[in-house]
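Everything numeric here is computed off the predicted structure, so don't read it as measured data. As a basis for the values below, the full set of heavy atoms in this structure was taken, side chains included, without hydrogen atoms, waters or symmetry mates.
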Amino acid sequence: MKIKKVFSRGRVSTMILIGLALGVSGIFKIAAFAREAFIAARFGLSAITDAYFALQQFPITLATYMYGAFALAFVPAYLQARKRNNETAAWIPGLLIWCFLAGTALTVLMSLGSSWLVGTLHIQNSIDVHTTVVLLSLCFAPITLIGIWASICTARGHNLWAMSMTGFPYLLMTVTLFGLYAIGRLNNLSLPISMTLGFIIVGAYSLVRIVLSQPMPRFNVSSLAIWRDLHFRAFLRQLGASSVENCGFAANQFLLIYFLSQTGTGVISANTCAMRIATLGYTLLGMPLGQLVQGRLCTVSEDERPAAFRRWFVIVVVLMVAVALPLFLFRYPIIRLVYMHGKFQDTALQTVASLMPAWIAYMVVMSINAVLARYLFILTRGSVYVRQQIFAYVAANLLRIVVTGRFDAYWIIWCSVGAEGCSLLLNLRTCLTASREQIAKTAAELEALTEVA
């Protein structure tokens with residue numbers, strides 16, 4: 001009876017966590033829908049939106065890295081450091097400085113390379129476009145600060161707060177856009193201004209919270225040499241593996257945009273519209289669930305980990321499919337509700353709708369793969385996941401070379417779905433094999449204890 005009560009309480013706790021995650025993500029997604037509807041109505045699908053949506057991929061890519069690859073390696077390392085050093089991680093101050101310097105360096109590089117970026121992405125050249133490059137480049141350093149604080153929150157079990165930190169910049173962007181419109185100051189630079197302002201405000205708040213989260217030693221030159229710390233070097237090895245995969249993901253996304261840019265004006269904007277709706281399940285549920293899974297699997301004992309992984313894996317698969325089906329069946333009404341305003345015409349609707357099924361399938365694959373990645377990195381088998389993902393990215397882009405110009409634009413996205421779907425199956429096999437090995441190890445240890453007794 002007691003076991004049943006414990007299991008019941010655990011199941012209720014899991015459902016409450018999922019419900020709260022949905023609620024927090026839902027708030028940010030409602031704001032995102034409002035923002036997307038506003039942009040579609042006021043700017044339509046034009047050269048200026050093509051420029052903004054293409055150039056914003058650079059800071060968004062860094063955000064994806066900090067919330068994904070960085071967090072994958074950081075959370076287990078931070079937990080271990082706190083256990084060894086009485087709730088503190090001695091290398092945090094140095095890491096903070098290096099991340100901020102890296103973000104500043106990216107700002108300089110993107111600003112100096114604005115002409116090259118505009119030409120490479122086939123964006124119509126103008127003063128507003130170059131100013132957009134400079135404004136968006138200011139997001140890099142704040143994003144690194146947000147990523148560190150969100151990862152600390154995840155490691156401490158504050159999953160809802162971690163989700164909120166990654167969503168607040170976009171919420172502030174929505175508020176800023178509406179504010180500029182209300183005072184009659186909306187123009188072509190309103191999009192990059194609002195995005196940059198959101199990241200700067202939340203980045204400054206994250207910096208304050210990081211500094212207050214643990215004792216900070218007095219700064220000196222030696223505090224920058226964090227690679228001398230043995231535990232930090234272990235973190236760097238894990239980070240190196242996750243970074244390779246993230247670089248592959250980023251290159252894959254940029255190549256996707258490049259191939260789409262070859263299919264005509266407005267396709268990049270249409271792709272962004274389709275992606276925002278289709279990946280609703282990932283931002284609303286897949287990403288929060290990934291953070292919850294990582295936190296739970298880090299805190300359970302090794303012998304309980306395989307069962308916990310299987311339980312969470314089933315939950316994620318069922319929920320992601322449950323989200324994907326309505327998005328596919330009701331994609332036309334959803335597109336009309338979100339985008340069919342102002343300059344957004346019926347031809348644009350058809351283009352967006354044609355891209356959505358591929359993005360919905362990709363959302364499911366990406367969400368499940370994210371859970372598998374977290375489990376493999378906790379097991380220190382992240383290199384296996386990285387290798388299989390890199391092969392998938394290479395295969396997807398080889399397929400894109402074949403389909404671009406011969407088939408419709410949505411086949412460019414289906415290339416990623418097929419290649420990364422195969423990688424998902426291989427990753428799942430690796431996870432199940434690792435689980436069986438852990439179960440066998442635990443059984444052997446119990447048998448040995450029994451014999452001794």
Open item on the list: Tell me if a side-chain donor or acceptor on R331 pairs with a main-chain N or O of F328 at a distance below 3.5 Å.
Closed with: yes
Open item on the list: Tell me whether N187 contacts the main-chain N or O of L189 through its side chain, where contact means a donor paired with an acceptor under 3.5 Å.
Closed with: yes
TODO: Of all the heavy-atom pairs spanning S194 and M173, show the shortest one and how long it is.
DONE: OG-CG, 3.4 Å
Just distance, no hydrogens or angles: give the donor-acceptor pairs under 3.5 Å from side chains in residues 390-406, sequence neighbours left out.
unit_1	atom_1	unit_2	atom_2	d
Y393	OH	E245	OE2	2.5
Y393	OH	Q389	NE2	3.4
N397	OD1	R400	NH1	2.9
N397	ND2	N252	OD1	3.1
N397	ND2	Y393	O	2.9
R400	NE	I412	O	2.9
R400	NH1	N252	OD1	2.8
R400	NH2	S416	OG	2.3
T404	OG1	R400	O	2.7
R406	NH1	V402	O	2.7

TODO: Would you indicate whether F178, at its atom CZ, is surrounded by more than 12 heavy atoms from other residues, nucleotides or ligands within a distance under 6.0 Å?
DONE: yes
- [ ] Look only at the side chain of T430 and the backbone of L426, and say whether a donor-acceptor pair between them is shorter than 3.5 Å.
- [x] yes
Open item on the list: Are more than 12 heavy atoms, taken from residues, nucleotides or ligands other than I127, located less than 6.0 Å from that residue's CD1 atom?
Closed with: no
Task: Residues V75, I152; criterion side-chain contact (heavy atoms from CB on, under 4.5 Å); working and verdict - done: CA-CA 7 Å; V75 172; I152 290 175; over 6 Å; no
Listed pairs under 3.5 Å, donor-acceptor, residues 136-144 side chains, sequence neighbours left out:
unit_1	atom_1	unit_2	atom_2	d
S137	OG	S111	OG	3.1
S137	OG	V134	O	2.5
T144	OG1	A141	O	2.6

Open item on the list: Quick check against the 3.5 Å criterion: does S367 have a side-chain atom that pairs as donor or acceptor with the backbone of V364?
Closed with: no
Task: ring-ring contact (aromatic ring centres under 6.0 Å, His included) evaluation trace for F313 with Y375 - done: CA-CA 10 Å; F313 178 78; Y375 186 53; 9.8 Å; no
Open item on the list: With a 4.5 Å cut-off on side-chain heavy atoms, are Y205 and I201 touching?
Closed with: no
Task: Spatial distance of atom CG (L62) from atom CE (M66) [nearest 0.5 Å] - done: 6.5 Å
Task: Centroid separation Y67 to F74 less than 6.0 Å - done: no
- [ ] Answer with yes or no after comparing the ring centroid distance for F249 and Y65 against a 6.0 Å cut-off, counting only values under it.
- [x] no
Task: T176: side-chain hydrogen bond (donor to acceptor under 3.5 Å, both in side chains) partners, not counting sequence neighbours - done: none
Task: Any donor-acceptor N or O pair under 3.5 Å, side chains Y332, R336 - done: no
